[in-house]
Amino acid sequence: QISGIVTKQTSGMNLYEGNRKLILGFVWQLRCKYISNLLKTIKGINAKDVEAFLLKWANDKVADGGSTMPSLASFKDPSIRNGRFLIALVASLNPAAIDFSLVN
């Protein structure tokens, strides 16, 4: 564990060998830590409230974008798996970024 980043089963050798799954997990942890620190600095949000803040932000953006997509209860919500919530979120931020003719 480094600076609050959990690196279970990940070592320098995994990175050197190019284990994509473990590298992705490590990068994800770095991203989470960065966002947590950024929100703490900018908004004064403590680490425990970061997920709730981001979830509310994402749900609000999707709703404001005119999507009929139901709100997520958490980031572990099973409905997030099909990618439709992410598509609705991206479309709410930049409608031109999504070609809905490709979305079924």
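From a predicted model like this one, the values you see are computed outputs, not experimental measurements. Index from 1, following the sequence.
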side-chain contact (heavy atoms from CB on, under 4.5 Å) filter on Ala96, not counting sequence neighbours, yields Asn94

Sequence neighbours excluded, the answer for side-chain hydrogen bond (donor to acceptor under 3.5 Å, both in side chains) partners of Asp64 is none

For Ser71, the side-chain hydrogen bond (donor to acceptor under 3.5 Å, both in side chains) test, sequence neighbours excluded, returns none

Residue set satisfying side-chain hydrogen bond (donor to acceptor under 3.5 Å, both in side chains) with Asp77, at least two apart, ordered chain then number -> Ser79

Using a 4.5 Å side-chain heavy-atom cut-off and chaining through intermediate ILVMFWY residues, the residues clustered with Leu39 come out as Tyr34, Ile35, Leu38, Ile42, Ile45, Val50, Phe53, Leu54, Leu55, Trp57, Val62, Met69, Leu72, Phe75, Ile80, Phe85, Leu89, Leu93

With sequence neighbours left out, the residues meeting side-chain contact (heavy atoms from CB on, under 4.5 Å) with Val103 are Arg84, Ile87, Ile98, Phe100

dist Glu51:CD -> Ser36:OG (nearest 0.5 Å) comes out at 11.0 Å

Residue set satisfying side-chain contact (heavy atoms from CB on, under 4.5 Å) with Asn37, at least two apart, ordered chain then number -> Lys33

By salt bridge (Lys or Arg N to Asp or Glu O under 4.0 Å), Asp60 pairs with (sequence neighbours left out) Lys56

- Can you tell me if CZ on Arg81 sees more than 12 non-hydrogen neighbours from other groups inside 6.0 Å? no

For residues 12-26, the salt bridge (Lys or Arg N to Asp or Glu O under 4.0 Å) pairs (sequence neighbours left out) are none

Sorted by chain and residue number, the side-chain hydrogen bond (donor to acceptor under 3.5 Å, both in side chains) partners of Ser101 (sequence neighbours excluded) come out as Asp99

When every non-hydrogen atom of Gly65 is compared with those of Ser92, the smallest separation belongs to CA-CB, 3.9 Å

